[in-house]
There are 2 protein chains.
Amino acid sequence: MPETPCAQDLSIGQVAERTGLSVHTLRFYEREGILANPVRRGPGGRRFYNEDDVEWLRVCILLRASGMPLPTIRQYTELVRQGSGTEEERLTLLRRHQEHVVAQIEKLTQCLDLITFKVGVYEDHLEQGPAGQLCAASSLPGNAEDD
Amino acid sequence: MPETPCAQDLSIGQVAERTGLSVHTLRFYEREGILANPVRRGPGGRRFYNEDDVEWLRVCILLRASGMPLPTIRQYTELVRQGSGTEEERLTLLRRHQEHVVAQIEKLTQCLDLITFKVGVYEDHLEQGPAGQLCAASSLPGNAEDD
DNA sequence: CTAGGTTCTAGAGTCGGCTCTAGGGCAACC
DNA sequence: GGTTGCCCTAGAGCCGACTCTAGAACCTAG
């Protein structure tokens, strides 16, 4: 049922601009059930969004950015769509993801430590023997890496 | 030129065990040029690895885990294979990745903040109205999310 | 001597997450 | 009335990183 678009309605292109997603991705997300409210359609079947949709998308983008897979986002979206009564489940889902993100940060911090260590090693190495290979045997055996 | 395997040589299966990669992935990584030294072959064309290879793989796994794409790992591997003289390039590559990881951690920390906030909101909500929906209008309009 | 386990190669398949194409509609401007 | 520009659908294509299959060789134990 195509409604008359009102002032604050946004076209898919405008939403793309505001969210940084492509129009392709917006349609794709819709197919994937990632939109909290069903998209209204204007004449000619054109989608209309509002600011709430944009807000919701921003949340989804953030969830994606933190590694939540689309199926999980859909699950969360469905819970929200079902309205009150699903709060506990939403909480559970968010908590699980929270743990996931914490774990990711820990892992990355670990990696960062090693990378930073390696960077340090190379910096020292380049400071000490800047031009040629003065001390040839210092770090040869294949990988100077392994310590 | 199949060499005689010596005591510390490891089969692909043993390396898989030690690294947590599958044998498939090990062969795949080899094809992708991710191994610092060329894999030696025993009779029947069987691969033999040593502890250094395992160490190198562990580094690669860590780089992967921190989001370095395989082509970049290959690039790094090639620099290492080329030996001394490429230290500056390796440093540049590692520094770039370092920045990347730092940015990732920042992003994730941002996401975590929002998720934690949301978790808090739901916790409060569930504490206040635990059983039924006593305060029906408190968070209805589609997404209780948008603030 | 056979059965089971490990390995080999080349190449196909999978999965997640987009991204793009073809083919068409509608509206506005020149 | 043609051109430009945004929009539509259905479906194909792509990319990264694996993951698996088929068919065959080898080694070891029973």
Side-chain angles (χ1 to χ4, degrees), chain A residues 1-5 9-35 38-50 53 57 60-77 97 100 104 107, chain B residues 1-6 9-35 38-50 53 57 59-77 97 100 104 107:
Chain A
M1 43 156 83
E3 310 164 22
T4 332
D9 274 332
L10 301 167
S11 71
I12 195 167
Q14 287 171 314
V15 173
E17 241 176 60
R18 274 168 180 66
T19 59
L21 298 170
S22 71
V23 293
H24 295 301
T25 302
L26 284 169
R27 291 192 277 247
F28 170 65
Y29 277 9
E30 187 182 336
R31 281 207 295 277
E32 294 290 298
I34 293 293
L35 291 181
V39 178
R40 290 155 301 123
R41 298 299 186 110
R46 300 196 168 197
R47 290 166 177 85
F48 284 113
Y49 302 82
N50 58 35
D53 296 323
L57 280 166
C60 292
I61 289 167
L62 201 135
L63 292 174
R64 274 294 304 130
S66 54
M68 186 182 283
L70 289 183
T72 309
I73 299 183
R74 176 171 52 230
Q75 216 177 312
Y76 182 56
T77 306
H97 186 57
H100 204 93
Q104 265 186 94
K107 182 89 204 179
Chain B
M1 44 156 88
E3 311 164 22
T4 331
C6 50
D9 273 333
L10 300 168
S11 72
I12 194 168
Q14 287 171 314
V15 173
E17 242 176 60
R18 272 168 180 67
T19 59
L21 298 171
S22 71
V23 294
H24 294 302
T25 302
L26 284 169
R27 290 191 278 247
F28 170 65
Y29 276 10
E30 188 182 335
R31 280 206 297 278
E32 293 292 297
I34 292 294
L35 292 180
V39 178
R40 289 154 303 122
R41 298 302 184 108
R46 300 195 168 196
R47 290 165 176 86
F48 285 113
Y49 301 83
N50 58 34
D53 296 323
L57 280 166
V59 171
C60 291
I61 288 167
L62 200 135
L63 293 174
R64 273 293 305 127
S66 54
M68 186 183 283
L70 288 183
T72 309
I73 299 183
R74 176 170 54 231
Q75 215 177 312
Y76 182 57
T77 306
H97 186 59
H100 204 91
Q104 266 186 94
K107 182 89 205 179

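Residue numbers start from 1 in every chain, and the chains themselves are labelled A, B, ... in the order their sequence lines are given, proteins ahead of strands.
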So, does [X] get its side chain near the phosphate of [N], meaning an N or O under 4.0 Å from OP1 or OP2?
X: B:T25; N: D:dA17; value: no
X: B:R27; N: C:dT9; value: no
X: A:Y29; N: C:dG17; value: no
X: A:R41; N: D:dT9; value: yes

Could you please name the option among [options] that lies closest to any side-chain atom of [X]?
X: A:R31; options: C:dT7, D:dG11, C:dT9; answer: D:dG11
X: A:H24; options: C:dT9, D:dT9, C:dC20; answer: C:dC20
X: B:I12; options: C:dT7, D:dC7, D:dC8; answer: C:dT7
X: B:P69; options: C:dT19, D:dT9, D:dA17; answer: D:dA17
X: B:R64; options: D:dT21, D:dC18, C:dC8; answer: D:dC18
X: B:R46; options: D:dA17, C:dT7, C:dT19; answer: C:dT7
X: B:R47; options: C:dT6, D:dC18, C:dT9; answer: C:dT9
X: A:L70; options: C:dT6, C:dC18, D:dC18; answer: C:dC18

Distance check needed: [N] [atom2] versus [X] [atom1], whole Å only.
X: B:L57; N: D:dA17; atom1: CG; atom2: C1'; value: 16 Å
X: A:L26; N: D:dC6; atom1: CG; atom2: C1'; value: 14 Å
X: A:F28; N: D:dC15; atom1: CZ; atom2: C1'; value: 14 Å
X: B:L21; N: D:dC18; atom1: CG; atom2: P; value: 8 Å
X: B:L10; N: C:dT6; atom1: CG; atom2: P; value: 16 Å
X: A:R74; N: C:dG17; atom1: CZ; atom2: C1'; value: 13 Å
X: A:I34; N: C:dG17; atom1: CD1; atom2: C1'; value: 11 Å
X: A:L63; N: C:dG17; atom1: CG; atom2: C1'; value: 16 Å

Taking all non-hydrogen atoms of both residues into account, name the closest pair between A:F48 and A:P43 and its distance.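 Smallest interatomic distance, heavy atoms only, reads CE1-CD, 4.4 Å.
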Which atoms form the tightest heavy-atom contact between B:Q104 and B:S66, and what is the distance?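 It is NE2-O, 3.0 Å.
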For A:R40, is there an ion pair with A:E30 - N to carboxylate O distance below 4.0 angstrom?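 Salt bridge between A:E30 and A:R40, a charged N being under 4.0 Å from a carboxylate O: no.
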Contact between A:T19 and A:I61 at the side-chain level, heavy atoms closer than 4.5 Å - yes or no?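 A:T19 reaches A:I61 side chain to side chain.
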Need one value for A:S11: base, sugar-phosphate or nothing, where a base atom within 4.0 Å counts as base even if backbone is also close, heavy atoms only.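 Sugar-phosphate contact only.
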For B:R41, is there any backbone N or O sitting under 3.5 Å from a side-chain donor or acceptor partner on B:R46?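 Not confirmed, B:R46 side chain does not pair with B:R41 backbone.
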Under the 3.5 angstrom rule, does the side chain of B:R64 hit a backbone N or O of B:M68 as a donor-acceptor pair?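 Yes, the answer is positive, given that a donor and an acceptor are paired below the 3.5 Å cut-off.
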